[in-house]
Amino acid sequence: MSYKQWKQLTCTTKYSYISEWRFYRAKKEAMKILEGSVRDQFVIVEDYCKQILATNPGSTTLLKTTMRGGKRYFERVYICLKACKDGFIKGCRPLIGLDGCFLKGYCKGVLLAAVGVDGENSLYPIAYAIVEKENTETWKWFVEILKEDLQVENSSKFTLMSDRPKGLENAMKSLWDGAHVRYCVRHMHSNFKKDFPGLLLKQLLWAAARASTKEEFVKCMKTIKDVNESAYNWLMAKNASEWTRSHFDDSVKCDMVLNNMCESFNSAILEARDKAVVTLLEKIRFWLMVRFCQKRESVNKWRDGISKQIWDLLEKNKEVAKKCHTNRANAFNFQVTHETDGSFVVDLIALTCTCRKFELNGLPCSHAVAAIWKRGLNVLDYVHDYYKKESFIHVYEGVVQPMPSPNKWPSSSNAPILPPPEYKLPGRPKKSRKREVDEPPVGATKSNRHG
Ligand SMILES: [Zn+2]
């Protein structure tokens, strides 16, 4: 039936005719109900925090409200579940990704998250918070509680990674003084290309970021200087330890140059991001509950005490090792020569190789594998504990406990919490990714029927 036919029919049939005015009133009524339920969620946010503490004892929940004109308004909420906290302390690498993502749905503000890396090199959520906006004050508030939660006494053992969001740099300087800092290279490149576009410079920048030794880094930078001196100066103004593997702290056993774990976290909770405050928090907790359980059970499928992801990385190194020629200096020191890359020095006591990949990741590089084979030893014995089954079991042994429905939560006798005063119901939330300045608009790359 065409639209015209349908309209004719509805306008002539007595019972199915709905006037525009009636549509308008129905919409207004629906908005009222919806707004009410969104507002109700702010009222129960305190009960939710109490319920979290009752079902997951040892967790941290912090609710910040402000009093204005005798009324109590919602400001921020921070949650770090006991299982996440304990798992990180027990066996995750001291690497924390920090990121904020905008909430454009029924809960306004920014979701701040701290995410680590587990023994499969995949994301490990630590803590999350809803704050009004990203600035020095909110980041300080978040990283200070986080530091306390993770019982950090010596910041210098930690590496913090981010996209350099607004306010975080100041917060880290004052509260995580001495911690190593890394900035996501993809984010850095998107700033770099505004002044220095082009594929060649992009490739050279990535080569410099991925260079694992200082010599290789200097070589890459020299090539950049030859191509474009201003681009070279732009990069040299940055602190090398913030973006290139060659200058990374090797005690953290992770050579990531991208803040991928935070991106993966944001996309995992995408569906929750446009929900009202308690639904959003509860969806994240539910996702964590299921994830922890799945991870705990997945260990049974591991082969030889390491995950498939790590197994695959070692297999790649083994393939290269087959092309190496190894000579012993003594029982633990080797000179390993690769067909095309030249010679490397491997020390099996210090667990180092002059390519630096062994110490950067805690996994034997191809040269180390060749040396281990020469001694007739087992490669798996040289894999860092962070990747081993025992650590993984400890990391995920805490249980994110299930929660009953809201009518079974303890209710607070405090003044009810209202949404932030500037709160307004949003329109339909946008879910598509914000495109880069130089990216073609959606559909521009598709050819039409004739094209
Ligand atoms: Zn090596």
Side-chain angles (χ1 to χ4, degrees), residues 93-95 117 119-121 159 161 180 182 185 203-223 240-258 260 303-388 391:
R93 281 164 269 185
L95 176 79
V117 188
E120 284 182 311
N121 276 352
T159 294
M161 192 164 189
H180 302 271
R182 284 186 202 176
V185 176
Q203 285 169 340
L204 290 171
L205 180 141
W206 279 101
R210 291 195 181 108
S212 60
T213 63
K214 288 187 178 156
E215 298 72 28
E216 206 183 330
F217 173 70
V218 170
K219 219 167 114 188
C220 291
M221 291 306 288
K222 198 182 165 297
T223 320
S241 65
E242 290 170 359
W243 67 280
T244 157
R245 281 178 185 161
S246 57
H247 289 68
F248 281 171
D249 169 44
D250 59 27
S251 67
V252 73
K253 303 298 165 207
C254 184
D255 68 355
M256 278 184 190
V257 290
L258 296 172
N260 270 349
R303 223 165 104 193
D304 291 327
I306 53 165
S307 70
K308 191 186 173 297
Q309 289 82 341
I310 305 304
W311 183 268
D312 291 346
L313 289 176
L314 282 179
E315 281 305 304
K316 272 188 202 163
N317 289 350
K318 284 178 187 172
E319 281 310 308
V320 183
K322 285 175 191 164
K323 294 172 191 151
C324 291
H325 185 72
T326 313
N327 290 95
R328 285 167 66 161
N330 60 25
F332 301 101
N333 293 285
F334 301 80
Q335 182 168 333
V336 181
T337 310
H338 182 263
E339 280 174 352
T340 51
D341 298 343
S343 293
F344 296 85
V345 177
V346 176
D347 184 334
L348 288 185
I349 295 274
L351 307 177
T352 57
C353 172
T354 43
C355 79
R356 269 190 92 240
K357 288 176 187 164
F358 193 6
E359 51 264 50
L360 268 175
N361 286 310
L363 288 172
C365 60
S366 48
H367 320 112
V369 169
I372 294 163
W373 279 347
K374 185 82 178 171
R375 281 281 316 269
L377 300 169
N378 187 352
V379 174
L380 292 173
D381 293 339
Y382 289 85
V383 169
H384 198 285
D385 284 347
Y386 285 132
Y387 301 102
K388 298 220 172 121
S391 301

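All ligand and atom numbering here is 1-based and tracks the order in the structure.
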Enquirer: Excluding sequence neighbours, so at least two apart, what forms side chain to side chain contact (heavy atoms under 4.5 Å, CB included) with Ala207?
Expert: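 If we apply the side chain to side chain contact (heavy atoms under 4.5 Å, CB included) test to Ala207, skipping adjacent residues, the hits are Cys220.
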Enquirer: Just to be careful: counting only protein atoms that are N, O or S, how many fall under 2.8 Å of the Zn ion (ligand 1)?
Expert: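 If we list every protein N, O or S atom nearer than 2.8 Å to the Zn ion (ligand 1), we get 4.
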Enquirer: Can you name the residues that form a ring pair (Phe, Tyr, Trp, His ring centres under 6.0 Å) with His338, not counting sequence neighbours?
Expert: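 Residues passing ring pair (Phe, Tyr, Trp, His ring centres under 6.0 Å) with His338: none at all.
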Enquirer: Does Lys318 pair with Glu315 as a salt bridge, N-O distance under 4.0 Å?
Expert: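 Result for this pair is yes, salt bridge flagged.
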Enquirer: If you look at every heavy atom in Glu359 and Cys353, which pair is closest and at what distance?
Expert: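 So the two residues come closest at OE1-N, 3.0 Å.
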Enquirer: Which residues satisfy the salt bridge (Lys or Arg N to Asp or Glu O under 4.0 Å) test with Lys214, sequence neighbours excluded?
Expert: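 Here no residue qualifies.
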Enquirer: Hey, does the Lys NZ or Arg CZ of Arg375 hover above the aromatic six-ring of Phe332, less than 6.0 Å from the centre and inside 45° of the axis?
Expert: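 Yes.
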